[in-house]
Amino acid sequence: MHNLGTIDLALDEMLVNLAAIVLRLSTPELTKTPEARRALARSVHQYGVCAARSNDPRVHELKAQLEGTLKPSLRVVAVHGVKVS
């Protein structure tokens, strides 16, 4: 039974490392194209599937961070000199 705990810890560490890699690759500079965005979405989804059974809070925090990379960033657009009636 001790081996299962060791394997579980090793998998959690691998998930933490994987999340760090995906987070580095999720920058806007690297995900400009639709293909890159789809690849990111697939990676985040797959990470979520793997993370679902983990009991490590770091894994779940990283999952939330990764999911946040898929949300479009909001831009504030200021319009000057426009009259609204």
Side-chain angles (χ1 to χ4, degrees):
M1 205 58 165
H2 172 70
N3 287 342
L4 290 178
T6 302
I7 292 170
D8 202 35
L9 281 172
L11 288 172
D12 285 338
E13 289 304 319
M14 288 174 52
L15 285 170
V16 168
N17 291 328
L18 177 61
I21 293 167
V22 176
L23 280 169
R24 279 195 302 269
L25 295 173
S26 70
T27 63
E29 296 81 28
L30 296 175
T31 57
K32 288 182 180 177
T33 67
E35 295 83 14
R37 295 290 299 162
R38 282 192 295 274
L40 175 62
R42 281 192 305 272
S43 295
V44 170
H45 172 73
Q46 201 56 38
Y47 184 86
V49 170
C50 295
R53 294 183 180 227
S54 174
N55 292 323
D56 190 325
R58 299 174 302 162
V59 171
H60 294 283
E61 172 60 33
L62 288 164
K63 178 181 174 276
Q65 286 181 32
L66 286 170
E67 289 169 344
T69 66
L70 298 178
K71 295 183 175 128
S73 59
L74 299 176
R75 294 186 310 176
V76 175
V77 178
V79 180
H80 296 282
V82 175
K83 260 180 119 173
V84 179
S85 12

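Note that the numbering runs from 1 along the sequence shown for the chain. Note: hydrogens, waters and symmetry copies are ignored here, and every other heavy atom, side chains too, is used. Since the structure is predicted, the reported quantities are computational estimates derived from the model, not experimental observations.
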Enter the distance from [X]:[atom1] to [Y]:[atom2] here, rounded to the nearest 0.5 Å.
X: L11; Y: L9; atom1: CG; atom2: CG; result: 9.0 Å
X: N55; Y: R53; atom1: CG; atom2: CZ; result: 11.0 Å
X: S26; Y: I21; atom1: OG; atom2: CD1; result: 12.5 Å

message: Please determine whether side chain to side chain contact (heavy atoms under 4.5 Å, CB included) holds for the pair Q65 and T69, giving the CA-CA distance in whole Å, both sets of side-chain angles, and the decisive distance to 0.1 Å.
response: CA-CA 7 Å; Q65 286 181 32; T69 66; over 6 Å; no
message: What verdict does the side chain to side chain contact (heavy atoms under 4.5 Å, CB included) test give for L15 and C50, after you've listed the backbone C-alpha separation in whole Å, the side-chain angles of each residue and the deciding distance to 0.1 Å?
response: CA-CA 8 Å; L15 285 170; C50 295; 3.7 Å; yes
query: Any side-chain heavy atom of V16 sitting closer than 4.5 Å to one from L62?
result: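 They are in contact (side-chain heavy atoms under 4.5 Å apart), so the answer is yes.
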- request: Would you indicate whether the side-chain heavy atoms of V49 and H45 approach each other to under 4.5 Å?
  value: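 H45 vs V49: side chains touch.
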task: Just do the side chain to side chain contact (heavy atoms under 4.5 Å, CB included) check on E13 and R58 with the steps written out, would you?
output: CA-CA 9 Å; E13 289 304 319; R58 299 174 302 162; 2.6 Å; yes
query: Can you check whether A52's main-chain N or O pairs, donor with acceptor, with H60's side chain at less than 3.5 Å?
result: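 Such a contact is absent between H60 side chain and A52 backbone.
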message: Ignoring hydrogens, what is the shortest heavy-atom contact between A36 and T31? Give both atom names and the distance.
response: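 Closest approach of A36 to T31: CB-CA, 3.7 Å.
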field: Full working for side chain to side chain contact (heavy atoms under 4.5 Å, CB included) between L40 and V22
entry: CA-CA 8 Å; L40 175 62; V22 176; 3.9 Å; yes
query: Would L18 end up clustered with L23 when hydrophobic side chains under 4.5 Å apart are linked, directly or stepwise?
result: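 Yes, one cluster joins them.
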